[in-house]
2 protein chains.
Amino acid sequence: MADLKLKDLQYLVAVADTKHFGRAAERCFVSQPTLSAQLKKLEEYLGVQLIERAPKRVALTQAGHEIVERARRIIEAGDEIVEIARGHRDPLAGRLKLALLPTIGPYLLPNVASKLRKALPRLELMLYEYQTDTMLEKLHSGEIDVGILALPVAMDGLDSQVLYKEPFTVAVPASHRLAQRSSIRVDDLHDETLLLLEDGHCLRDQALDICSSTDIHEKQDFRATSLETLRQMVAAGVGITLLPELAGRGAYGNARGVAIRPFVKPVPSRTIGAVWRKSSARREVILALAKQVGAHAL
Amino acid sequence: MADLKLKDLQYLVAVADTKHFGRAAERCFVSQPTLSAQLKKLEEYLGVQLIERAPKRVALTQAGHEIVERARRIIEAGDEIVEIARGHRDPLAGRLKLALLPTIGPYLLPNVASKLRKALPRLELMLYEYQTDTMLEKLHSGEIDVGILALPVAMDGLDSQVLYKEPFTVAVPASHRLAQRSSIRVDDLHDETLLLLEDGHCLRDQALDICSSTDIHEKQDFRATSLETLRQMVAAGVGITLLPELAGRGAYGNARGVAIRPFVKPVPSRTIGAVWRKSSARREVILALAKQVGAHAL
DNA sequence: GTCGGCCATAGATGCAGCCTATGGAGTTTA
DNA sequence: TAAACTCCATAGGCTGCATCTATGGCCGAC
């Protein structure tokens with residue numbers, strides 16, 4: 001009269017996923033006969049056949065489907081327990097899944113990576129790049145733990161913290177008349193051709209917003225897929241673009257053919273923040289991470 | 001390196017509820033040392049202290065509280081699984097997906113529906129109509145559980161059972177010379193115009209097969225999409241057709257303008273059977289269903 | 001100081017989960 | 001058509017761990 005065992009449910013879910021006893025066993029790190037026998041016991045205990053075993057086809061019964069659904073929830077909650085425990089064991093240790101905007105990641109990380117390693121040596125960062133909408137989805141689903149993006153965003157069930165304010169700069173061809181100026185006003189962009197990223201990048205909307213007060217024309221039939229593409233187009237003299245300050249530094253800023261110029265005050269800027277689930281067990285380490293990033297980003 | 005066990009979580013929840021190891025053990029039907037030792041192992045595995053053991057006072061730590069919360073959810077879902085299984089334990093209960101040929105369904109079901117409800121009261125039938133090829137595909141893929149169709153069919157991986165033999169009848173316009181006859185021989189159809197269903201209906205092939213021994217002409221550029229269409233065409237005097245007996249009864253048979261006549265012996269007929277996957281977990285209820293249909297179809 | 005309540009420890013035991021090896025049914029290949 | 005292959009089930013043996021009873025240790029109550 002054995003009872004329900006977490007491991008058996010994992011075996012069942014593995015079979016549901018793979019439709020194959022051998023591969024399911026492999027995924028569970030047990031031998032195929034072990035998995036077979038345990039599943040048989042599970043079926044005996046429940047008094048219901050869960051799996052149809054045909055020569056070339058493994059499928060779940062109706063009861064199997066319904067039970068696998070709950071089993072997934074159980075296993076998920078079990079993982080949460082382990083995760084919570086890990087969070088309490090050493091709140092500043094463990095794996096943390098961090099996503100950044102594509103217009104932030106490559107330029108922010110070099111500045112803060114070494115500081116982070118020193119301040120949070122036992123933190124294992126998993127890095128991802130997503131645009132705002134995708135990032136929020138994956139935050140809610142639990143696929144990532146923290147997102148670094150431009151505020152404000154819809155905050156239902158989420159907490160956030162401002163990291164830094166990032167000024168915008170203007171990138172023009174080196175031979176452009178504006179390249180002579182040490183700083184630039186928004187009105188100076190009058191009648192210029194503006195190059196922007198493709199839809200979905202929040203940077204695109206931010207740039208359009210800043211330029212809305214002056215008369216500037218977006219280059220038709222052109223949408224860059226990355227800031228790097230944008231740089232090459234500016235260097236080629238096709239038009240100008242707005243760059244977040246961090247992206248204008250380093251190799252990018254020194255690139256041939258492109259001049260980066262600041263705005264005069266009031267400098268247009270965007271607010272970069274960290275966002276995470278209110279219910280996250282990793283709040284402590286996230287706050288520590290945010291503190292480091294906020295302190296060393298600019 | 002043990003892993004998370006459902007039973008341990010139950011022990012933990014019991015302690016959270018009772019604040020007392022002895023009574024918690026009692027509730028779990030184990031000895032107190034057993035529960036103590038297991039909880040200690042759980043804490044070791046998770047790397048976190050869950051319970052504050054003070055003299056005269058047992059309390060949960062912060063981690064303990066958070067983990068108990070998930071543990072309750074897990075146990076609850078586990079109970080749901082057992083409950084679901086109990087609901088599926090009755091082999092004659094539950095949802096069964098049954099497909100019928102379009103030339104069978106509307107005429108067979110009225111005859112057997114009430115008998116089925118009486119004999120298998122806890123069976124919930126989901127009804128579908130497909131032609132033979134589609135039905136076999138959906139059977140193999142698991143989309144349906146049973147098919148009722150004309151035998152024989154390719155039986156790889158499938159089991160079948162004959163339900164009944166269905167004689168063919170002849171449907172002629174009421175004013176037709178054959179309407180005067182009380183029964184008809186295949187040869188009597190000589191030189192008649194035959195109306196048939198469109199390709200894909202096995203009834204079409206069966207009718208052609210029966211008529212192959214005599215000289216009869218299929219109406220060109222005409223293919224009915226249903227027996228109902230066929231009836232209207234016969235009533236309009238366009239030609240004659242062959243009908244399965246069940247389809248010739250009731251409202252259909254009594255319709256104006258159409259006369260239904262039997263064949264003389266040997267009466268041509270088709271064999272109607274039930275087909276299901278050899279590996280199906282529903283064999284028992286399928287056989288019960290087949291028994292009822294076979295007994296009350298004609 | 002003694003008793004009683006309560007949790008931890010010690011040592012014995014039996015079951016259950018796991019392994020390797022093999023069987024057997026069905027499908028594909030030579 | 002035989003042989004090789006795929007894949008799940010069965011057989012048998014081993015090991016570990018959950019469980020038991022008995023006991024110890026700690027602390028508060030009286």
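The chains referred to below are lettered A, B, ... by the order of the sequence lines, with proteins before strands, and numbering in each begins at 1. Keep in mind that what you see is a predicted model, and the values were worked out from it rather than measured.
- Out of C:dC18, D:dA18, D:dC8, the shortest distance to the side chain of A:Arg53 is found at D:dC8.
- For B:Lys278, no side-chain nitrogen or oxygen approaches OP1 or OP2 of C:dG26 to under 4.0 Å.
- Comparing B:Gly22 and A:Lys41, the nucleotide of DNA chain C nearest to each residue sits closer to the 5' end for B:Gly22.
- The CG atom of B:Leu35 sits 13 Å away from the P atom of D:dA18 (whole-angstrom rounding).
- Residue order along DNA chain C, read from the 5' end via each residue's closest nucleotide, puts B:Ser36 first among B:Asp156 and B:Ser36.
- For A:Phe21, the listed nucleotide lying nearest its side chain is D:dA9; candidates were D:dT10, C:dG17, D:dA9.
- Evaluation of the side-chain hydrogen bond (donor to acceptor under 3.5 Å, both in side chains) rule for A:Arg72 yields A:Asp17 as partners, not counting sequence neighbours.
- Environment of CG in B:Asp90: crowded, with over 12 heavy atoms of neighbouring residues, nucleotides or ligands closer than 6.0 Å.
- You'll find that the side chain of A:His20 is closest to D:dC7, out of D:dA18, D:dC7, C:dT9.
- Distance CG (B:Asp8) to P (D:dT19): 8 Å, rounded to an integer number of Å.
- Atom-to-atom, CD of A:Glu43 to P of D:dA9 comes out at 9 Å; the value is rounded to the nearest Å.
- Residue A:Lys5 places at least one side-chain N or O under 4.0 Å from the OP1 or OP2 atom of C:dG17.
- Residue A:Lys7 places at least one side-chain N or O closer than 4.0 Å to OP1 or OP2 of C:dC18.
- In this model, the phosphate group of D:dT19 is approached by a side-chain N or O of B:Tyr11 to a distance below 4.0 Å at OP1 or OP2.
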Tabulate atom names and distances for all N/O pairs under 3.5 angstrom spanning the protein and nucleotides 20-24 of chain C.
none

